[in-house]
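A quick write-up on the structure given underneath.
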Amino acid sequence: MLRVELSGRKARMSLRRNRYLGRSGTSQPGRYPLVTLGGGLSNRLIARTLTALIILNAGSAAHAQRVVAEGTVVENVTLISPERIAPLLHADVVLLDGKIAEIGTNLAAGPHARRIDGSGRFLIPGLIDSHVHAGHSAALDDGAIEAHPELWAAYRAQVPRAYLAFGFTSIVDLDLTQSDKAWFEGTPLHPRFYSCGRGIKAAGGYMAFNVPPLSSPNFPNLVYEPKEAEHWPKSLEPADYTAERAVSRAADAEAICVKAFVESGFGMFNWPYLHTETLQKIQAAARARKLVLMVHANSVDSWRSALDAHADIIAHGLWVWPGDFGNSVPPPAASNVIAAAARSGTHVQPTLQTVAGERAMIDPSLLDDPRLTMALPPAVIDYLRSAEGVKARTALLEEYRKASPTPGFEPLLRAAIQRTRATFKVMLQDHVPLVFGSDTPGVDGFGNPPGLNGRLELQNWADASAPPFLILRAATLDNATALGLSHELGSIEVGKRADLLLLKENPLASVSAYDSIETIFLNGEPIARDTLRAHN
């Protein structure tokens, strides 16, 4: 079959057969058919047709390019955006006043506009990580922070830059304190920052085991759970801690979502948690304020509770179910709740890396990953390699081992990682609507470093057979849609925020393309990726 491709800049003929595979496959620039001739046409007719098309194209190319007077023009780039059925070749994208002002194929930067040559490059929307905990440490434990405040300061200075370095131009914090909000937004350069405010928790349960005095800045956003009344602090009046009050506290912090914790103990413990009826009240209050409800859930029971409460997003994958802890094969109960999520259209963040990151306690090879220097300052990496850092990591590993039931921490971790992969594959098969979130840092230790952890999550999706287009869409437009932000984020369209990534490689061909980020555009301003590396 003979294929002809014509654009405003070039005409090409090829005898190769290709197709653009959209949601379930990959594409390569310049290799999806624009015009196809065949079906028994004579060579003479083909030659005449080609001649006519080439003449027409030459006339079109002769027209002068329209000169753009101001702003930034990314010229001659392959534009890949999730709302398009195919990439736009030789695109010119105009960025002005922090937004995408124009998209075309015959534009050129004038003398007063900034020109960026996109030849051989790929332009995609900035990535969105919709599950982070920016104020938590992903490298230093409490002892190290107390003993080495200079390391903590260096780490905190790099966190916002690390997210940008790995392409995350927007992040959503799911349990944000006011002090962390002030710190993050006060840094000179940071991603677009959204939050769920303080997460809603049950007293005495996960993330609220010890409730500090009401005057403490770390006082959690509690809701009174009648079925866990025995754990309620006697000094607090239940009427002051209704679902409506809990949601209003998040709304007052300018949240776009609320997060509720349903965690009874990872299948190993027996902790108080938020029950379905309370979740339903939280959802009603959230919808009244037009906020998205995200539910921390990773077990069959908690997934079912989240679905019964009509949660908008389940903020974890599924790796906890009754029975043998070492068995990684999803039982029918797990398959059933996954199928229910697919039927209801409930979005899910698989968070594969939040479990896989725990391997760093056993295997510190992440310290040898050259990408880590984009996530952590050299002084912090040196500390983690030092005798003091190794001692702290070993002590943490022993704590995990002591808390783990039979057959022990290492076998249980292997099984949990296998469970996350197995249920993720079921979600893919059932077409569960997936959105990208890394839960950075999800666990203790250095296994979930800022920014890089999201890149590792992307890799986990790819390794579990998620198609490249699905990965891109989940981290851009689908995330924006689920969060109510698609009017300004998630795709490359006129009027949307100019938060973009310029890559050397094609993200529709391989997830490794995300290692080839060359430039990050934030509010239309280009940032060379290498300038985001920590130097102290």
Side-chain angles (χ1 to χ4, degrees), residues 131 133 172-177 195-212 214 218-253 255-267 269-316 318 320-322 333 337 340-341 344-349 439 482:
H131 191 155
H133 301 284
V172 185
D173 194 299
L174 269 57
D175 191 11
L176 182 67
T177 65
S195 87
C196 294
R198 295 303 306 272
I200 303 175
K201 301 157 187 168
Y206 184 58
M207 303 292 286
F209 295 120
N210 300 305
V211 178
L214 184 57
N218 295 319
F219 188 83
N221 188 4
L222 297 178
V223 64
Y224 178 70
E225 173 52 70
K227 293 185 177 180
E228 305 286 358
E230 62 183 292
H231 302 282
W232 186 254
K234 293 181 172 54
S235 59
L236 302 179
E237 175 56 50
D240 294 333
Y241 296 89
T242 63
E244 292 78 8
R245 291 281 186 92
V247 170
S248 69
R249 285 189 282 271
D252 290 344
I256 64 167
C257 50
V258 291
K259 181 185 180 183
F261 286 80
V262 182
E263 182 54 72
S264 61
F266 300 99
F269 310 104
N270 186 24
W271 299 333
Y273 62 95
L274 301 179
H275 292 255
T276 303
E277 294 79 4
T278 301
L279 275 186
Q280 290 170 337
K281 292 177 181 178
I282 293 171
Q283 175 62 298
R287 287 187 174 172
R289 291 180 174 266
K290 295 181 171 56
L291 300 178
V292 172
L293 173 61
M294 305 176 75
V295 176
H296 166 104
N298 52 56
S299 69
V300 167
D301 289 343
S302 57
W303 264 53
R304 188 176 293 117
S305 184
L307 293 171
D308 288 345
H310 304 290
D312 299 295
I313 300 174
I314 295 177
H316 281 297
L318 181 61
V320 177
W321 51 73
V337 292
S344 65
T346 304
H347 293 89
V348 174
Q349 297 170 335
D439 189 20

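Keep in mind that the numbers below use all heavy atoms, side chains included, and drop hydrogens, waters and symmetry copies.
Looking at D439 and Q349, their side chains never bring a donor and an acceptor atom within 3.5 Å of each other.
For the residue pair L176 and D173, the shortest heavy atom distance occurs at N-OD1, 3.3 Å. C257 and V172 make their closest contact through SG-CG1, 4.0 Å (heavy atoms, listed as atom of the first residue, atom of the second, distance). Residues I282 and A260 approach most closely at CD1-CB, 4.2 Å, considering heavy atoms. Of all heavy-atom pairs spanning N221 and A246, the tightest one is ND2-O, 3.1 Å. The two residues A341 and W303 come nearest to each other via the heavy atoms CB-CZ3, 4.0 Å. Taking each heavy atom of C196 and A255 in turn, the nearest pair found is C-CB, 3.6 Å.
For residues 292-303, the set of pairs meeting the salt bridge (Lys or Arg N to Asp or Glu O under 4.0 Å) definition, not counting sequence neighbours, comprises D301-R304.
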Might you work through the side-chain contact (heavy atoms from CB on, under 4.5 Å) test for L274 and I200, ending with a clear yes or no? CA-CA 9 Å; L274 301 179; I200 303 175; 4.2 Å; yes

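To the nearest 0.5 Å, the span separating NE2 on H275 from CD on Q280 amounts to 13.0 Å.
Under the side chain to side chain donor-acceptor pair (under 3.5 Å) criterion, S344 pairs with T346, not counting sequence neighbours. For A253, the side chain to side chain contact (heavy atoms under 4.5 Å, CB included) partners are Q178, not counting sequence neighbours. Checked against side chain to side chain donor-acceptor pair (under 3.5 Å), E225 has the following partners two or more places apart in sequence or in another chain: T278. Take H347 and apply the ring pair (Phe, Tyr, Trp, His ring centres under 6.0 Å) test, not counting sequence neighbours, and it matches no residue. Among residues two or more places apart in sequence or in another chain, the salt bridge (charged side-chain N to carboxylate O under 4.0 Å, His left out) test is passed with E277 by K227. The side chain to side chain donor-acceptor pair (under 3.5 Å) test applied to S302 returns S299, not counting sequence neighbours. Among residues two or more places apart in sequence or in another chain, the side chain to side chain contact (heavy atoms under 4.5 Å, CB included) test is passed with R287 by Q283, H310, D312. Residues that satisfy the ring pair (Phe, Tyr, Trp, His ring centres under 6.0 Å) test with W232, not counting sequence neighbours, are Y224, Y241. Remark: D240 pairs with R245 by the salt bridge (charged side-chain N to carboxylate O under 4.0 Å, His left out) rule, at least two apart or across chains. For S264, the side chain to side chain contact (heavy atoms under 4.5 Å, CB included) test picks out Y273, with sequence neighbours left out.
When side chains are defined from C-beta on, S195 does not count as touching I256, because their heavy atoms never get closer than 4.5 Å. In this structure the side chain of L291 reaches within 4.5 angstrom of the side chain of V247, judged on heavy atoms. The side-chain heavy atoms of P226 and P238, taken from C-beta on, include no pair separated by under 4.5 Å. Counting only heavy atoms from C-beta outward, the side chains of L279 and V295 approach each other to under 4.5 Å. In this structure, the side chains of F219 and V211 come closer than 4.5 Å at one or more pairs of heavy atoms. With a 4.5 Å cut-off on side-chain heavy atoms, R249 and R198 do not count as touching. Within the 4.5 Å cutoff, no side-chain heavy atoms of I313 are placed close to those of L293. Side-chain atoms of V348 and L318, non-hydrogen and from C-beta on, never get closer than 4.5 Å to each other.
Distance alone, capped at 3.5 Å, places no donor-acceptor pair between the H131 side chain and the L174 backbone.
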Scan the side chains in residues 201-210 for donor-acceptor partners under 3.5 Å anywhere in the protein, sequence neighbours excluded, and list what turns up.
| residue | atom | partner | partner atom | Å |
| --- | --- | --- | --- | --- |
| K201 | NZ | D175 | OD1 | 3.4 |
| K201 | NZ | D175 | OD2 | 2.8 |

